[in-house]
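Working notes, beginning with the structure itself.
Side chains included, hydrogens not; waters and symmetry mates left out as well; all remaining heavy atoms used. Convention: sequence-line order gives letters A, B, ...; per-chain numbering from 1.
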Number of protein chains: 2
Amino acid sequence: MKKQRKNSNAGFSVGDLKRRCEDVSAILKVLSHPQRLMILCSLIEGEKTVGELEKSCDVSQSAMSQFLKAMRLEGLIDFRREGQFVYYRIADERLVELMTALHKIFCS
Amino acid sequence: MKKQRKNSNAGFSVGDLKRRCEDVSAILKVLSHPQRLMILCSLIEGEKTVGELEKSCDVSQSAMSQFLKAMRLEGLIDFRREGQFVYYRIADERLVELMTALHKIFCS
DNA sequence: TTTTCATATAAAATTATTATAATATCTTTA
DNA sequence: TAAAGATATTATAATAATTTTATATGAAAA
């Protein structure tokens with residue numbers, strides 16, 4: 001009937017993270033779709049054209065364009081035009097850190 | 001008109017992560033909702049009853065119960081019953097690692 | 001200057017998620 | 001065993017995300 005001890009916690013004050021749940025979850029929402037996560041993985045390797053991303057991530061032309069636009073509006077990626085091609089790249093370094101962490105946590 | 005060099009990449013082979021996009025994005029989807037992220041933050045501090053979580057995360061009784069059930073089915077949390085109270089706790093240590101990384105990346 | 005290729009936009013259709021309301025279950029206590 | 005408190009379930013309503021289809025734009029090549 002008595003209450004158990006607390007679990008050992010994560011070794012950091014979780015208060016900061018709690019205060020940022022809105023922002024952080026918004027970024028995680030972008031990565032929470034398998035194809036968008038795939039797109040970002042591809043972009044980690046270096047900038048890519050829309051067409052290259054379509055092939056390597058198996059996403060339709062229209063869906064790709066819409067995903068890219070949304071991620072751009074989030075400030076996560078950016079692009080440059082070169083002739084008829086458009087090259088996208090990662091614009092937020094925190095994404096690189098995050099995906100590095102994901103790799104460490106889920107691929108070891 | 002010539003193609004630019006590749007960006008410097010993240011210092012890890014991204015292939016592993018690509019292969020796991022389905023799984024990883026499924027876990028991130030749980031954290032992609034501000035209130036669920038808040039719930040997990042609270043649980044990092046130690047196990048909590050449903051009622052405690054409702055108050056500290058400002059989630060309705062029904063929504064809380066549904067969130068907890070979904071996260072339990074994902075294997076991310078677990079519970080034990082003690083009298084009329086139900087205590088929830090984190091069941092997947094990768095969550096702790098992940099939130100530690102989120103703290104480092106987004107709260108510094 | 002028309003055609004073609006790469007990309008973007010818009011709208012509609014489909015599907016998924018979230019929130020809400022009502023009710024049920026289980027435990028404890030009067 | 002009836003009442004009260006804690007939690008769960010179910011159904012539904014409301015909203016949001018995704019996919020698909022069609023069309024548009026803008027640059028390059030024929």
Side-chain angles (χ1 to χ4, degrees), chain A residues 1-4 21-40 42-43 47-89 91, chain B residues 1-4 21-40 42-43 47-89 91:
Chain A
M1 211 65 88
K2 84 172 158 53
K3 192 158 168 214
Q4 280 201 335
C21 277
E22 293 275 347
D23 305 336
V24 174
S25 64
I27 290 178
L28 294 178
K29 178 170 277 179
V30 174
L31 311 213
S32 77
H33 186 288
Q35 292 179 311
R36 280 192 306 256
L37 183 53
M38 186 69 115
I39 292 167
L40 293 172
S42 290
L43 290 179
E47 64 172 12
K48 300 262 166 67
T49 69
V50 179
E52 287 171 336
L53 291 170
E54 277 167 38
K55 273 173 226 143
S56 69
C57 304
D58 192 40
V59 179
S60 77
Q61 195 276 311
S62 177
M64 178 59 77
S65 194
Q66 292 176 73
F67 282 155
L68 292 172
K69 181 181 194 178
M71 294 195 280
R72 183 163 54 73
L73 293 177
E74 265 308 300
L76 298 178
I77 61 179
D78 203 354
F79 70 96
R80 72 188 170 88
R81 174 150 224 150
E82 193 173 292
Q84 53 185 163
F85 298 94
V86 176
Y87 289 85
Y88 279 85
R89 64 176 176 279
Chain B
M1 210 63 87
K2 85 174 158 51
K3 192 158 170 214
Q4 280 201 334
C21 276
E22 292 274 346
D23 305 335
V24 174
S25 64
I27 290 177
L28 295 178
K29 177 170 278 180
V30 174
L31 311 214
S32 77
H33 185 288
Q35 292 180 311
R36 280 191 305 256
L37 183 52
M38 186 69 114
I39 292 167
L40 293 172
S42 289
L43 290 179
E47 65 171 12
K48 299 262 166 65
T49 68
V50 178
E52 287 171 335
L53 291 170
E54 278 167 36
K55 274 174 224 143
S56 69
C57 304
D58 193 39
V59 178
S60 78
Q61 195 276 312
S62 177
M64 178 59 76
S65 194
Q66 290 177 72
F67 282 154
L68 291 172
K69 182 181 192 177
M71 295 194 281
R72 183 164 52 75
L73 293 177
E74 272 295 313
L76 298 178
I77 62 179
D78 203 354
F79 71 95
R80 71 188 170 88
R81 177 151 221 150
E82 193 173 293
Q84 53 186 162
F85 297 95
V86 176
Y87 288 86
Y88 279 85
R89 63 176 177 278

So does B:V30 get a backbone contact from the side chain of B:R36, meaning a donor-acceptor N/O pair under 3.5 Å?
yes
Quick one, B:L68 and B:V86 - any side-chain contact, counting heavy atoms below 4.5 Å?
no
Could you check if a side-chain atom of A:E22 sits within less than 4.5 angstrom of a side-chain atom of B:P34, using non-hydrogen atoms only?
yes
Kindly write out the residues that satisfy side chain to side chain donor-acceptor pair (under 3.5 Å) with B:S42, not counting sequence neighbours, or none if the list is empty.
A:K18
Please tell me if B:Y88 has a side-chain N or O lying less than 4.0 Å from either OP1 or OP2 of D:dA8.
yes
Give a yes/no answer on whether the side chain of B:K29 brings an N or O atom under 4.0 Å of OP1 or OP2 in C:dT17.
yes
Starting from [atom2] on [N], measure out to [atom1] on [X] and report it in whole angstrom.
X	N	atom1	atom2	result
B:Q61	C:dT18	CD	P	18 Å
A:L28	D:dA17	CG	C1'	17 Å
B:L31	C:dT17	CG	C1'	16 Å
B:E47	D:dT7	CD	P	12 Å

Should the side chain of A:S62 and the base of D:dT21 be counted as holding a donor-acceptor pair, with the cut-off at 3.5 Å?
yes
Enumerate the residue pairs fulfilling side-chain hydrogen bond (donor to acceptor under 3.5 Å, both in side chains) with a member in residues 68-77 of chain B, sequence neighbours excluded, ordered by first and then second residue.
none
With side-chain hydrogen bond (donor to acceptor under 3.5 Å, both in side chains) as the rule and sequence neighbours excluded, what pairs involving residues 55-67 of chain B come up?
B:S62-B:Q66
Can you list, in residue-number order, the parts of residues 63-79 of chain B that come under 4.0 Å of DNA chain D, counting heavy atoms only?
B:S65, B:Q66, B:K69
Is there a side chain to side chain contact (heavy atoms under 4.5 Å, CB included) between B:M71 and B:L40? Walk through the geometry before answering.
CA-CA 10 Å; B:M71 295 194 281; B:L40 293 172; 3.9 Å; yes
Which pair of non-hydrogen atoms, one from B:S25 and one from A:L31, has the smallest distance, and what is that distance?
CB-O, 3.5 Å
Residues passing the salt bridge (charged side-chain N to carboxylate O under 4.0 Å, His left out) test with B:D78, sequence neighbours excluded, are B:R89
Please work out which residues in residues 32-40 of chain A have a non-hydrogen atom less than 4.0 Å from an atom of DNA chain C and list them by number.
none
By ring pair (Phe, Tyr, Trp, His ring centres under 6.0 Å) - contacts of B:F79 (at least two apart):
B:Y88
Can you sort out the partners of B:F67 under ring pair (Phe, Tyr, Trp, His ring centres under 6.0 Å), two or more places apart, ordered by chain and number?
B:H33
Please tabulate the protein-to-nucleotide N/O contacts below 3.5 Å involving nucleotides 4-6 of chain D, giving atom names and distances.
none

